[in-house]
There are 4 protein chains.
Amino acid sequence: MAEQKSDSIHIALLGATGYTGSELLRLLIPHPRAKIVAATADRHAGRDIAEIFPQFADRGIPKLTRIEDQDWSAIDAVFCCLPHGTTQEVIAALPRHLRILDLSADFRLQDPATYAEWYGHEHLAVELQGEAVYGLTERARDDIREARLVACPGCYPTSAILPLAPLLEAGVIDVDDGIIIDSKSGVSGAGRAAKETSLFAEVAEGIHAYGVARHRHAPEIEQELSAAAGHPVSVNFTPHLIPMNRGILSTIYVRLAAGVGFGELCDALVQAYAEEPFVRVMPVGVAPASRHVRGSNFALIGAFADRLPGRAILVSVLDNLVKGASGQALQNMNLMFGLPETMGLEQQPMYP
Amino acid sequence: MAEQKSDSIHIALLGATGYTGSELLRLLIPHPRAKIVAATADRHAGRDIAEIFPQFADRGIPKLTRIEDQDWSAIDAVFCCLPHGTTQEVIAALPRHLRILDLSADFRLQDPATYAEWYGHEHLAVELQGEAVYGLTERARDDIREARLVACPGCYPTSAILPLAPLLEAGVIDVDDGIIIDSKSGVSGAGRAAKETSLFAEVAEGIHAYGVARHRHAPEIEQELSAAAGHPVSVNFTPHLIPMNRGILSTIYVRLAAGVGFGELCDALVQAYAEEPFVRVMPVGVAPASRHVRGSNFALIGAFADRLPGRAILVSVLDNLVKGASGQALQNMNLMFGLPETMGLEQQPMYP
Amino acid sequence: MAEQKSDSIHIALLGATGYTGSELLRLLIPHPRAKIVAATADRHAGRDIAEIFPQFADRGIPKLTRIEDQDWSAIDAVFCCLPHGTTQEVIAALPRHLRILDLSADFRLQDPATYAEWYGHEHLAVELQGEAVYGLTERARDDIREARLVACPGCYPTSAILPLAPLLEAGVIDVDDGIIIDSKSGVSGAGRAAKETSLFAEVAEGIHAYGVARHRHAPEIEQELSAAAGHPVSVNFTPHLIPMNRGILSTIYVRLAAGVGFGELCDALVQAYAEEPFVRVMPVGVAPASRHVRGSNFALIGAFADRLPGRAILVSVLDNLVKGASGQALQNMNLMFGLPETMGLEQQPMYP
Amino acid sequence: MAEQKSDSIHIALLGATGYTGSELLRLLIPHPRAKIVAATADRHAGRDIAEIFPQFADRGIPKLTRIEDQDWSAIDAVFCCLPHGTTQEVIAALPRHLRILDLSADFRLQDPATYAEWYGHEHLAVELQGEAVYGLTERARDDIREARLVACPGCYPTSAILPLAPLLEAGVIDVDDGIIIDSKSGVSGAGRAAKETSLFAEVAEGIHAYGVARHRHAPEIEQELSAAAGHPVSVNFTPHLIPMNRGILSTIYVRLAAGVGFGELCDALVQAYAEEPFVRVMPVGVAPASRHVRGSNFALIGAFADRLPGRAILVSVLDNLVKGASGQALQNMNLMFGLPETMGLEQQPMYP
């Protein structure tokens with residue numbers, strides 16, 4: 001199962017022992033053209049990956065190293081799965097020949113002032129901030145192909161931008177009124193750090209909202225929606241934590257633009273994603289479930305006419321670790337290296 | 001533990017083997033003044049309750065019977081935990097000396113036309129429909145004390161009406177724009193019927209919306225909010241099923257009335273519930289979790305100023321089987337029989 | 001993603017809407033040589049698979065049919081995912097050119113008397129009972145390659161036989177004393193039928209044993225262990241239901257044969273599986289977790305010296321729907337059609 | 001709900017912000033005779049309990065303090081919910097007028113050598129180790145009534161000793177062969193410390209064994225079983241972690257003593273617990289579920305004749321935080337202060 005791959009893309013995986021890191025291992029190991037030649041984890045340097053993740057024993061993953069000990073000369077691509085905040089300095093120090101897929105939030109916001117406002121400090125690699133491409137694959141293919149540094153979108157923003165951006169571009173929804181995004185996420189989105197709030201007994205058998213009206217994904221969503229609309233868009237974004245490992249479902253409440261019918265909204269959605277391999281619009285009236293995408297790179301979008309006249313409801317689902325993180329990063333890598341976009345991403349959803 | 005109770009209220013529990021029925025058993029067994037003298041379950045008539053629910057062995061519950069075999073003469077109160085639709089005929093046939101707490105939806109809608117529209121047939125006991133009191137305890141104490149038939153509210157409506165009604169009464173929110181209620185419920189709300197959609201493997205590790213824009217709790221919510229506002233109120237109500245046994249969390253998006261500040265909204269809430277034993281308004285900015293009420297009769301409400309100017313977010317939580325069903329029914333029974341309202345409802349929330 | 005496959009094996013999937021059926025869909029859709037040309041589901045005949053499993057929309061699966069309407073002439077292989085009891089007559093009626101992978105229990109027991117004792121009636125296709133090969137891949141490759149009818153093992157038996165059979169063959173454990181197999185399974189093992197005992201709220205947040213000392217998998221385990229030992233072996237087998245979708249963990253308590261040390265037991269295990277692609281023996285003292293195999297065809301085995309002298313503990317894990325059912329069936333199909341055994345089974349475990 | 005209690009027992013709760021601490025809060029708040037007059041939590045000293053556990057707002061719990069700042073003069077009883085290892089010094093420093101219920105493991109082992117062997121260091125309060133009474137209520141009532149220091153049993157040992165001790169006393173099971181105890185626990189048993197291994201995403205949707213053949217509860221079980229048997233008893237004890245908040249189920253495999261039938265085993269069990277308010281023996285052949293005791297102080301025991309002649313299987317269930325910890329501690333407090341043993345422990349199990 002670890003047979004020789006010719007023409008391999010040589011990959012370094014930074015931060016291999018978190019959840020986006022392990023998910024990349026899951027996806028990259030059977031990928032026909034990827035070869036993981038370095039995997040870092042400062043805290044576990046020198047250990048075999050199988051001591052952390054027994055499921056990856058004997059898959060040919062090299063021993064874990066520290067970033068600072070890494071020789072970058074034979075590396076083609078870097079997946080960066082490091083915490084927010086520390087990532088910008090790590091990436092700024094990497095040699096320029098590397099093509100970088102960053103899964104942190106560090107390069108998602110393009111405006112230095114917005115970054116400083118939401119993260120509480122000046123960005124430490126402002127020049128790269130300008131160079132980074134926001135990597136929502138379906139909306140930036142050409143830029144991603146050419147990019148050196150791709151800022152892979154957050155899981156929540158992916159679930160919000162996919163349904164909303166085409167509607168804003170088509171002008172079928174009203175934005176003056178505000179757009180309400182009520183999101184529900186599984187717990188792996190909080191990462192693998194040992195925090196009391198992520199303990200099983202704190203999360204199972206319950207639900208709560210968090211970061212109400214002040215979650216850092218709001219400006220990220222607004223940046224992309226404003227670009228789609230051609231003018232500033234504000235959103236209300238309220239995330240909730242629910243007791244499941246994976247999955248995000250966003251319920252989005254919008255007002256139709258004056259004179260626009262619900263059918264036009266549906267048409268805009270269907271048209272936007274008709275040719276997409278990973279985004280699918282449900283038949284009208286059918287609600288997607290996060291189970292329908294678990295473990296896969298698919299995103300599903302359903303649309304509903306509201307009982308309140310002139311309003312509509314959108315429901316989107318994706319797997320936060322796949323289309324919401326590592327899968328989308330791999331989709332982008334495929335583009336950057338001229339491979340078929342779906343390569344290594346054809347796992348079917350796992351249900352149950 | 002089954003000691004003699006003097007001055008007991010003699011209770012018949014109809015539909016003892018569903019979840020609202022078993023929850024009433026849990027609450028009534030240690031209640032100082034309640035005595036269960038009859039328990040029905042057509043499908044299990046003649047069996048001991050412990051064959052269905054081993055946890056209630058040796059608690060002095062009489063053998064299960066059929067409703068039609070019941071002698072009502074020595075009964076004071078009836079808790080009716082039967083399915084929607086069949087309940088109305090059962091209750092219509094009960095003798096008039098009984099005081100009835102109905103946990104079905106059959107008597108919640110007061111307008112026969114609204115009932116017919118949402119349930120697809122004429123109501124079969126229209127005269128009782130007029131007599132029934134909508135039993136949201138905190139808002140109808142005087143009527144409940146005198147009522148013969150109390151229609152206990154649905155779990156979703158309780159979670160929506162508690163935070164919204166005082167705001168509408170105080171005139172601090174705008175209703176022309178529509179009110180958006182995004183609700184998330186545990187699975188016990190779907191009842192104990194053997195349905196594919198309620199199977200563990202269909203529900204665990206996932207989330208989905210259902211009944212989008214057409215759930216029957218919407219007219220129930222609108223009926224009560226319209227009464228509070230003094231004029232018709234429309235809501236968008238979108239329920240979601242999440243993988244937990246118990247609990248409801250509703251996230252509610254409202255627009256402040258012209259000239260009203262967020263502080264006034266908070267004041268209206270705090271004032272409404274200052275003296276209530278079971279409804280608590282959280283400190284500003286603190287989000288309630290369904291875990292904070294699990295197994296108890298409490299409801300918690302949090303309020304947040306939205307980032308979108310002039311908008312606010314309310315988050316309410318309750319246990320769908322307690323304050324959302326059996327606990328509220330018992331709270332009403334206490335009122336109807338002149339007992340302290342909190343009697344038998346002082347269980348503290350179970351966390352984890 | 002539904003590109004043309006040359007040299008396809010034409011497959012009929014009987015019982016496509018249960019969990020072993022949907023798992024076969026998940027595995028077969030991306031399989032390079034499999035082509036699903038028929039899928040049956042009596043209750044849903046005429047419908048599109050996407051109405052039942054939206055995750056399989058647009059994957060080229062033909063409309064659901066009834067078994068009796070099926071033309072078998074162009075079919076090469078049949079996966080039979082039908083309920084126990086009804087399967088034997090269905091398979092008896094199939095044309096002889098078909099190669100059949102049966103996932104039910106109907107052909108697992110080779111002795112008609114044992115079958116009648118445990119299933120309460122005479123076998124209805126006794127001649128086929130003799131022809132069927134017990135399809136635990138690692139132990140019967142040669143027979144499976146030639147077989148027309150393969151009886152794929154149950155999930156529990158696979159988890160018990162894999163660790164125990166090599167030990168019995170090697171003579172390193174004592175069998176007079178009885179072997180104790182304590183198994184814990186996820187809920188999907190109970191199938192997709194709408195049963196009260198499989199409801200989310202009956203299963204979540206709890207555990208129970210069932211079929212204690214009388215589960216039908218016991219004789220199946222004994223049949224295979226007796227064959228491995230060369231003389232009759234008795235086991236105690238106690239299954240438990242735990243709140244997870246997938247996964248089985250069996251904890252097995254054995255006594256070492258006289259004069260045999262724990263190291264010899266380990267050696268026997270390691271040697272048995274050294275070359276196996278899907279069965280892995282953990283380093284001594286490392287306990288496998290069902291998470292390490294979720295969604296994959298792997299089985300892991302750990303061995304521990306007991307504190308009680310002369311005793312040892314084995315822990316095995318597998319995914320009940322993959323190595324315990326549909327994955328092993330596909331592994332067998334690969335053998336039967338001369339394909340690499342691992343084809344289409346290289347999905348890495350999904351964790352979390 | 002925080003009404004005045006006369007004749008109160010004044011209680012200090014040390015370690016109020018862990019799970020056994022919060023469970024004691026849940027149980028003590030409505031207890032008719034208990035009054036919590038001090039609650040400590042070093043890390044949170046000075047804060048209101050509601051900042052940690054919003055569910056306990058307005059219940060009259062004093063502000064959190066540090067142990068070293070506590071005035072003990074007006075305290076009657078101390079519940080000690082501190083980590084293993086640090087507890088012994090804390091308790092050694094407490095004034096002698098206090099009656100102490102310790103929920104840690106520090107005083108459970110009576111033999112200093114055994115303690116040192118399993119915990120890796122000499123006991124720091126050996127004189128108290130001799131004074132402590134092992135507080136399995138049903139087996140030590142007289143000693144507990146008089147005790148100054150009660151070492152409340154671990155959750156696993158309670159689930160093993162309750163079914164086994166009466167059988168050993170009655171001489172109906174053989175002990176030379178070893179007793180096998182296969183236990184499954186919910187995650188709250190691991191406490192509230194922020195550990196990677198207790199994270200939701202590490203625990204949900206899976207199962208694993210841990211501490212195989214070397215868990216510290218083994219010597220505790222052996223100490224008590226040896227006392228019951230009158231001679232040394234060895235056990236194999238294998239714990240497993242399963243994805244639920246609460247509950248323990250132990251499946252116990254025993255050999256009947258020579259000439260003893262299964263009926264005699266059942267008789268011994270039934271007789272031992274006939275008068276017990278919290279321990280119940282199930283009808284023969286009925287398997288208890290952890291759901292049947294969730295949130296309550298009950299323990300249930302089922303007995304089964306094995307298929308292997310001369311062997312039997314016992315299944316016990318309890319809630320690890322109630323009968324396995326805080327509930328049993330309260331049961332002991334009731335005894336120590338001359339109150340009815342069941343006071344404040346009459347909550348019925350919560351299902352679902």
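Numbers restart at 1 for each chain; the letters A, B, ... are given by sequence-line order, proteins then strands. Keep in mind that what you see is a predicted model, and the values were worked out from it rather than measured.
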Exercise. For A:Phe79, which residues count as a ring-ring contact (aromatic ring centres under 6.0 Å, His included) partner, sequence neighbours excluded?
Worked result: none

Exercise. Of the listed residues (C:Met282, C:Gln55, C:Glu205), which shares the most heavy-atom pairs with chain A below a 4.5 Å separation?
Worked result: C:Gln55

For this session: Only counting residues at least two apart or in another chain, list the ones meeting side chain to side chain contact (heavy atoms under 4.5 Å, CB included) with C:Ala39.
Result: C:Ala16, C:Ile61, C:Leu64

For this session: Sort by residue number and list every member of residues 19-27 of chain C having a non-hydrogen atom under 4.5 Å from chain A.
Result: C:Tyr19, C:Ser22, C:Arg26

Exercise. Among A:Arg291, A:Gln347, A:Arg280, which residue forms the greatest number of heavy-atom pairs with chain C at distances under 4.5 Å?
Worked result: A:Arg280

For this session: Could you list all the salt bridge (Lys or Arg N to Asp or Glu O under 4.0 Å) pairs where at least one residue sits in residues 184-193 of chain A, not counting sequence neighbours?
Result: A:Asp182-A:Lys184, A:Lys184-B:Asp182, A:Arg192-D:Glu196, A:Arg192-D:Glu202

Exercise. Are side-chain heavy atoms of A:Arg59 and C:Gln348 found at a separation under 4.5 Å?
Worked result: yes

For this session: Just give me the residue among C:Pro352, C:Ala57, C:Ala50 that pairs up with chain A most often, heavy atom to heavy atom, under 4.5 Å.
Result: C:Pro352

Exercise. Is there a side-chain contact between A:Arg294 and C:Asn245 (heavy atoms, below 4.5 Å)?
Worked result: yes

Seminar exercise, completed: The interface call for A:Leu321 against chain C, heavy-atom contacts under 4.5 Å, is side chain

Exercise. Got a sec: does the CD of C:Gln271 have more than 12 other heavy atoms crowding it under 6.0 Å?
Worked result: no

